[in-house]
Undergrad: 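What follows is a structure written as structure tokens; I'll ask about it next.
Letters A, B, ... mirror the listed sequences (proteins, then strands); counts begin at 1.
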Amino acid sequence: MAVLLLAEVTGGELAMDATAKAVTAAQALGDVTVLAAGASAAAAGDAAAKIAGVSKVLVAEDASLGHRLAEPTAALIASLAGDYEHIVAPATTDAKNILPRVAALLDVMIISDATAVVDGATFERPIYAGNAIQTMKSSDAKKVITFRTANFDAAGEGGSASVETISAADNPGLSEWVENKVAKSDRPELTSAGIVVSGGRGVGSEEDFALIETLADKLGAAVGASRAAVDSGYAANDLQVGQTGKVVAPELYVAVGISGAIQHLAGMKDSKVIVAINKDEEAPIFQVADFGLVADLFDAVPELTQKL
Amino acid sequence: MDLEFNETELAFRDEVRAFMRSELPEDISRKVISGNELTRDDYMRWQAILNAKGWLATTWEEEYGGPGWDAVQRHIFSEESALHGAPRMPPFGLAMMGPVLIKFGTEEQKSTLLPRILDGSDWWCQGFSEPGAGSDLASMKMRAERDGDEYVLNGQKTWTTLGQYANKIFCLVRTASEGKPQASISFLLVDLDTPGVEMRPIRLIDGGYEVNEVFFTDVRVPVENLVGNENEGWTIAKYLLTHERTNIAGVGFSIMDLERYKTLAQEIKRDGMQLSDHPIYAARAAAIEADLEALRITNLRILAETRDGSAGGVGSSMLKLKGTQVRQELQDLYRSAIGPRAATLSSGLSHNEMSVPYDAGQAAQVYFLHRKLSIFGGSNEIQRNIVAKEMFRD
Amino acid sequence: MDFNLSEDHQLLSNTLNRFLGDNYDIEKRNEAGFTAPYHLQDMWNGLAELGVIGALVSEEKGGFGGSAEDISVVFEELGRSLCVEPMLGTLLALRVLSDHGQDERVEQIISGESRAALAVYEPNMSCDLSAMEATAVEQDGVWRLNGRKSAIYGAPGSDFVVVAAKTESGTGLFFLENPVLICAAMVDGGGVADLVMENTAAECLALDAETSLTSALDLGRIALCAEAVGAMSALQDLTVDYLKQRKQFGTTLSSFQALQHRAVNMQIEIEQCRSIVISAVGQFGQPGGERNVSMAKNLIGRAGRLMSEESIQLHGGIGMTWEYPGAHFAKRLVMIDHQLGDQNDHAMRLIATGAKQLVD
Amino acid sequence: MKALVPVKRVIDYNVKVRVKADGSGVDLANVKMSMNPFDEIAVEEAIRLKEAGKVDEIVAVSIGVKQAQETLRTALAMGADRAILVVATDDVHADIEPLAVAKILKAIVDEEQPGLVLCGKQAIDNDMNATGQMLSALLGWSQATFASEVDVEGNSAKITREVDGGLQTISVKMPAIVTVDLRLNEPRYASLPNIMKAKKKPLDEKSAADYGVDVSPRLEVVKTEEPAQRAAGITVGSVDELIEKLKEAGAV
């Protein structure tokens, strides 16, 4: 019972949080081999080898594997698939791009965004924006799964897995990377942050979104936003928390001026502690909040920032 | 959007109509339309006619002697029955006992009891309610203690409709003393001529005799009379009560009643004014007519949902609620239309002596009797609870 | 027997639902509905572009629909978002214009280029056209109108008004460009006007248009009833949500049986109203179909008041505030009864049209 | 160039989903159904490409129950030229898995030879996010997921993708599969004249068997449950009280 886990590698570096959480999920299925693939991936492979519970690391370095283009990476994974019963990854946008392609190459179904492992063939996953949880049993010989990291604890460090270098598969040459526009930020990454402060339509403007950012910086938190705030242009696309955006589960989630549409709740309701600040006492967000403050955010947020 | 029945359904309706016109005895329909009590013989005559046609047990599968109708056909049949003044056949054997036996009975029970329902050998009555358990049926108390191959029954049942005509009763009995109240109830069949069974009439508000109370003192019943397993009675009772109830809205009855009122309103004068021209009466009748037309369509809409397999349970609750409101409103309108003569008990005068149409003399009594509509079959408040539960579900 | 909307109607309903949902929130609506010209020109243009105005007239008359069902689909959606756009007045005017060969004017109205209203009602008249007092007399080849018209829906800001007035041959229709109107907002938002005519010169469209007028008014009634059903379901959603959320005595209002039962009664009446609209739509144009229209208007009048009063009561104080959307739905549902004949007028019409044979 | 747009009939975005009491799935009885919102964006993008002269025919495809015909009419009313309905089940509760959908789509692509397939990035019912990627693998075509900008130029297309941490632009060879994200465009409303015109546009009905694809599921649904509810929280009266409670909870 062997598991191949696609490590999350960005610019040659291992995204430790996402990868370590997926390792926890994968350990329930069998012996975990991590694949670190990229234009440069050796350092990421070494880092993955130190995750407790990883028994082997494969490092594939090739220019074609840079920027996570789906076709060459999927071809590589499919070529390795013979040795593994499970092929898994953290449910990042990269893995969501690649793993369904792998599954189709192997003629099996994908199980995306799994939130729990019942047994080697049976998994739980949310459907309808988290309004229902489905338990699914796979009849495929190989299971291809992405795990929603918000639902698993990160595996610890202290492993010492062997590292083996392998070569890339043939690059079909169907697509090329052009450029990245990465939001530069010193703040923690949204999906792995311990604290998230999110703003909604109630914040009212792009300028006033600074209120959210100031509070986040005070708390050492990542910044998130509701779809309404993103659509209104107050916040960048990649900050969207919700069904069609990021799913987060930090220790503390502070929702400011967010009414709490079900699609937003789907992205944050697994957070440990939820705080809601909204002037509308009927806002649905209060139904999931541990601590609700009915107040004008323009008074409450600066006060909170100052007193913390 | 299409409000009409399809061609097959229309042909079926015509067939039912022709049957009603040629086969329904006129003396029976007169009684039904005027609200007179039917005798056991009246029911048995109509039952035999329906049985001969194969149209008696409308909800049974064909292999047991049902006609194999779908929901729309059953609706058409019950509407046409009402519109032509056919008796509403007591549901206890045909609509309750039969489906329960088909679903939960042993082969032996099915093969002996089902034919007896059809040919009229058995008239079943219902032993559910007790003096201390009405809408809250799970609080019933009548006990059945196991003694060898027999159960020994002690307790009382009440509101036993037309028990005076019956030879058999199906009862909910308590067969265990522990656990949830719902989990210690069994479904038991009892011959009414068993020693220790005593039936007494309950005279109702209108002076008539329709329901009974039944007393059980050390009544011994063989264990073979159990339906389903011991302590499975609640499941069976729920199945029986939620088993599709056709014609719950009683649209056909109300249409007949409205027609009857309109005829009356053209015959009666009040202070020299034709009642049909009396602005207050006419306005009330107009409002009822609007409500009834809406109800007719609501009924068809819910029927179409049932046919398409997506009806929620709340549909029949809504139909029961509005249907009984409309019917009670009509009884009230009819009663008031009669005027001062409504106060005269009809049994005191022969039809020839009444100056109003022969069937009008009983209007007040029928009005009082029909207060039952919003109480039985799950009171209207219970129906509101059912709808509310669905409405306020998260 | 099929009570589902046809594919086209479902699409039309979806389009309107989304268009109004995206562009027409309650604050915007309240702002527009009480400020002259009591509607939003860009919304009107949007509705014209989507072909919604054309849905009120048949294809042969230059529209895209025109059946009673088309009209009920459109108005139910308008009701759901409490739209104050002058669709009712436009419907009435369009129908009589298209009945009398005014193809060019019909085309202009459908495209949104110009807008018209129909002046029928008078201070002393409700449903019964024979009670009309306004007159039209031809003098030296010019028709002159006298009398006062009231409750001309959608007239403020319209380009012309079609006026009904008594002629020697019956109830005629007259065309009045740039009329001098006494304009006001309605209690529940939207524009309305009175028109005082003193030897006012007008173009004659028809000398006896009673059949056409009655048909147009009946379609208007169906439209109002469908609008009411849309408004009722939106209001019921608000009310049920409120009962589920609002807590008193440590529990949600929805756990109190006294309130549950009232909400259930409301729900049943909505279903009844939906059914009676289906009945009126299905019978429109059939012999006796006007009775179903009157049944609908009568029932909607009674149920609208029930919905309005009960929803306010169930909301408590918040239901009384201008800020709360539910209050405006509640107002609209009562005021619909005042348009094109109320429950009593239609009960009278039912009585007057006599008994219909229910069993054939 | 021909564009193929697969569209799915799903429970309407605004409907509150309810799990059936017996755990067999979600309740779809009397529930409003609509086109998957991401698929609407894909249809809109195809229309815009056609308006820009880069696409000359738009074929909409839906795979599922017969009622999906209504979803295809929506696509036609928006501006698609013709439609193919593949009836793969008559059970409204059955969800055809992305793998089976991708296989049917592959067969249609082989027949239709489009230069571009535009899909929604995920369907809002099963949230699987897989069909486009799977179709791309089966065809051996280039793949660009989560597109927020699509720029077709001759034999290649420049696609900007929404990825973790920002945006990535890639260039793909045509023919390509593009899955679209939320912010690519604002779909238009189907106007009534266009709804009427759509009635006359061709809609072919096929079955899964016509394409020789086995649609039996690989994943068996064991049960469907309501998600765990969060325990009710408390309302605090002031910022000070909030800070105090957060300290008590160890959250700050």
Undergrad: Looking only at atom types and distance, does a side-chain atom of Ser112(A) sit under 3.5 Å from a main-chain N or O of Met128(D), one as donor and one as acceptor?
TA: yes

Undergrad: Of the backbone (N, CA, C, O) and the side chain (C-beta and beyond), which part of Thr146(A) lies under 4.5 Å from a heavy atom of chain D, both, or neither?
TA: neither

Undergrad: State, yes or no, whether a side-chain contact exists between Val254(A) and Val196(A) at a heavy-atom distance under 4.5 Å.
TA: no

Undergrad: Mind ranking Pro100(A), Ala104(A), Ala75(A) by heavy-atom pairs under 4.5 Å with chain D and telling me who comes out on top?
TA: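 Winner by heavy-atom pair count: Pro100(A).
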
Undergrad: I need the Glu124(A) CD to Thr224(D) OG1 distance, nearest 0.5 Å.
TA: 11.0 Å

Undergrad: Among Asn237(A), Ile127(A), Val102(A), Asn131(A), who wins on heavy-atom pairs under 4.5 Å with chain D?
TA: Asn237(A)

Undergrad: Report the option among Lys223(D), Lys16(D), Gln122(D), Arg161(D) that has the most heavy-atom pairs separated by less than 4.5 Å from atoms of chain A.
TA: Lys223(D)

Undergrad: Testing the 3.5 Å rule here: is there a donor-acceptor pair between the side chains of Asn185(D) and Glu44(D)?
TA: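 Per modelled atom types, Asn185(D) and Glu44(D) side chains form no pair under 3.5 Å.
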
Undergrad: For Val19(D), which atoms come within 4.5 Å of any heavy atom of chain A: side chain, backbone, both, or neither?
TA: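 Looking at Val19(D), just its side chain touches chain A.
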
Undergrad: Return the set of residues passing ring-ring contact (aromatic ring centres under 6.0 Å, His included) with Tyr211(D) (not counting sequence neighbours), or none when no residue passes.
TA: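 None.
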
Undergrad: So does Arg125(A) pair up with Asp113(A), basic N to acidic O under 4.0 Å?
TA: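 A salt bridge is absent here (no side-chain N lies under 4.0 Å from a carboxylate O).
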
Undergrad: Short question: side chain of Lys137(A), backbone of Leu219(D) - any donor-acceptor pair under 3.5 Å?
TA: no

Undergrad: Looking at Thr235(D), Ile234(D), Thr179(D), which has the largest count of heavy-atom pairs under 4.5 Å with chain A?
TA: Ile234(D)

Undergrad: Just to be sure I understand the criterion: a residue of residues 131-138 of chain D counts if one of its heavy atoms is under 4.5 Å from a heavy atom of chain A. Which ones qualify?
TA: Gln133(D), Met134(D), Ser136(D), Ala137(D), Leu138(D)

Undergrad: Would you mind telling me which of Arg183(D), Glu162(D), Gln229(D) has the largest number of heavy-atom pairs within less than 4.5 Å of chain A?
TA: Arg183(D)

Undergrad: Looking at Ile111(A), Ile262(A), Leu252(A), Thr191(A), which makes the most heavy-atom pairs under 4.5 Å with chain D?
TA: Leu252(A)

Undergrad: Do Ser156(D) and Glu176(A) touch side chain to side chain, with heavy atoms closer than 4.5 Å?
TA: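 No, their side chains stay 4.5 Å or more apart.
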
Undergrad: So do Ile277(A) and Val294(A) actually touch side chain to side chain, heavy atoms under 4.5 Å?
TA: no

Undergrad: Using modelled atom types and a 3.5 Å cut-off, is there a donor and acceptor pairing between side-chain atoms of Asn36(D) and backbone atoms of Ile124(D)?
TA: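 At least one qualifying donor-acceptor pair exists.
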
Undergrad: Quick check against the 3.5 Å criterion: does Thr10(A) have a side-chain atom that pairs as donor or acceptor with the backbone of Glu13(A)?
TA: no

Undergrad: By a 4.5 Å heavy-atom criterion (distance strictly below it), what part of Asp107(A) contacts chain D: side chain, backbone, both, or neither?
TA: both

Undergrad: Under a 3.5 Å threshold, yes or no: a donor from one side chain and an acceptor from the other, between Asp91(D) and Thr89(D)?
TA: no

Undergrad: What part of Val275(A) lies closer than 4.5 angstrom to a heavy atom of chain D: side chain, backbone, both or neither?
TA: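 For Val275(A), the side chain is the part near chain D, not the backbone.
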
Undergrad: Out of Asp127(D), Val172(D), Val26(D), which one racks up the most heavy-atom pairs below 4.5 Å with chain A?
TA: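 Looking at each option in turn, the highest pair count goes to Asp127(D).
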
Undergrad: For Asn180(A), is it the side chain, the backbone, both or neither that has a heavy atom under 4.5 Å from a heavy atom of chain D?
TA: both

Undergrad: Tell me, for Glu71(A) versus chain D, whether the close heavy atoms (under 4.5 Å) come from the side chain, the backbone, both or neither.
TA: side chain

Undergrad: Side chain of Asp140(A), backbone of Met109(A): donor and acceptor closer than 3.5 Å?
TA: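 Looks like yes, one N/O pair under 3.5 Å.
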
Undergrad: For residues Phe38(D) and Asp181(D), determine if any side-chain heavy atom of one lies less than 4.5 Å from a side-chain heavy atom of the other.
TA: yes

Undergrad: Looking at Val222(D), Asp164(D), Thr145(D), which makes the most heavy-atom pairs under 4.5 Å with chain A?
TA: Asp164(D)

Undergrad: Would the distance check show the side chain of Lys106(D) and the main-chain N or O of Leu139(D) forming a donor-acceptor pair, the cut-off being under 3.5 Å?
TA: no

Undergrad: At a 4.5 Å cut-off on heavy atoms, which part of Leu239(A) comes close to chain D: side chain, backbone, both, or neither?
TA: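 Neither the backbone nor the side chain of Leu239(A) comes within 4.5 Å of chain D.
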
Undergrad: Relative to chain D, which of Glu251(A), Gln240(A), Lys143(A) shows the most heavy atom pairs under 4.5 Å?
TA: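 Highest number of pairs under 4.5 Å: Gln240(A).
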
Undergrad: Treating Ser139(A) as the side-chain partner and Arg218(D) as the backbone partner, does any N or O pair qualify as donor plus acceptor under 3.5 Å?
TA: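 Looks like yes, one N/O pair under 3.5 Å.
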
Undergrad: In terms of heavy-atom pairs under 4.5 Å with chain A, which of Asn129(D), Thr160(D), Ile159(D) leads?
TA: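 The option with the most such pairs is Asn129(D).
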
Undergrad: Side chains of Arg188(D) and Arg48(D): closer than 4.5 Å at any heavy-atom pair?
TA: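 The answer is yes, as the side chains (C-beta and beyond) meet within the 4.5 Å cut-off.
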
Undergrad: Identify which part of Lys246(A) has an atom lying under 4.5 Å from any heavy atom of chain D, answering side chain, backbone, both or neither.
TA: side chain

Undergrad: What part of Leu99(A) is in contact with chain D, defined as an atom under 4.5 angstrom from a non-hydrogen atom: side chain, backbone, both or neither?
TA: neither

Undergrad: What I want to find out is whether Arg68(A) reaches Asp94(A) closely enough, with some N-O distance under 4.0 Å, to be called a salt bridge.
TA: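 So Arg68(A) pairs with Asp94(A) through a salt bridge.
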
Undergrad: Donor-acceptor pair, Asp119(A) side chain versus Thr122(A) backbone, under 3.5 Å?
TA: yes

Undergrad: Of all of Ala261(A), Ala121(A), Gly245(A), Ser271(A), which one pairs up most often with chain D through heavy atoms under 4.5 Å apart?
TA: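 Ranked by contacts with chain D, first place is Ser271(A).
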
Undergrad: Determine whether a donor-acceptor pair (N or O, by modelled atom type, separation under 3.5 Å) exists between the side chain of Glu220(D) and the backbone of Pro217(D).
TA: no

Undergrad: Between Ile110(A) and chain D, which part of the residue has a heavy atom less than 4.5 Å away: side chain, backbone, both or neither?
TA: both

Undergrad: Does any part of the side chain of Lys32(D), heavy atoms only, come nearer than 4.5 Å to the side chain of Ser34(D), both counted from C-beta?
TA: yes

Undergrad: Is it the case that the side chain of Lys158(D) and the backbone of Ile170(D) share a donor-acceptor pair, with hydrogens and angles ignored and the cut-off at 3.5 Å?
TA: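 No, because the side chain of Lys158(D) does not come within donor-acceptor range (under 3.5 Å) of the backbone of Ile170(D).
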
Undergrad: Taking Leu105(A), Asn97(A), Leu293(A) one by one, which has the highest count of heavy-atom pairs under 4.5 Å against chain D?
TA: Asn97(A)

Undergrad: For Gln263(A), is it the side chain, the backbone, both, or neither that has a heavy atom closer than 4.5 Å to a heavy atom of chain D?
TA: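 Just the side chain, heavy atoms under 4.5 Å.
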
Undergrad: Taking side chain as C-beta onward, heavy atoms only, is Pro227(D) less than 4.5 Å from Lys269(A)?
TA: yes

Undergrad: Test Ile98(A) against every option in Val144(A), Thr73(A), Leu76(A), Thr92(A) by the side-chain contact (heavy atoms from CB on, under 4.5 Å) rule and name the one that passes.
TA: Thr73(A)

Undergrad: A side-chain contact here means heavy atoms from C-beta on lying under 4.5 Å apart; do Val230(A) and Ser232(A) qualify?
TA: no

Undergrad: Does any heavy atom of chain D fall under 4.5 Å from the side chain of Leu304(A), the backbone, both, or neither of them?
TA: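 Contact with chain D: backbone and side chain both.
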
Undergrad: So which bits of residues 1-15 of chain D come within less than 4.5 Å of chain A, counting non-hydrogen atoms only?
TA: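 Checking residues 1-15 of chain D against chain A gives Ile11(D), Tyr13(D).
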
Undergrad: Counting only heavy atoms not in Glu186(D), do more than 12 sit closer than 6.0 Å to its CD atom?
TA: no

Undergrad: With a 4.5 angstrom heavy-atom cut-off, could you sort out which part of Ala295(A) is near chain D: side chain, backbone, both or neither?
TA: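 Interface part for Ala295(A): neither.
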
Undergrad: Would you please go through residues 239-252 of chain D and name the residues with a non-hydrogen atom below 4.5 Å from one of chain A, in numerical order?
TA: Val239(D), Asp240(D), Leu242(D), Ile243(D), Lys245(D), Leu246(D), Ala249(D), Ala251(D), Val252(D)

Undergrad: So which part of Ala300(A) gets closer than 4.5 Å to some heavy atom of chain D, the side chain, the backbone, both or neither?
TA: both

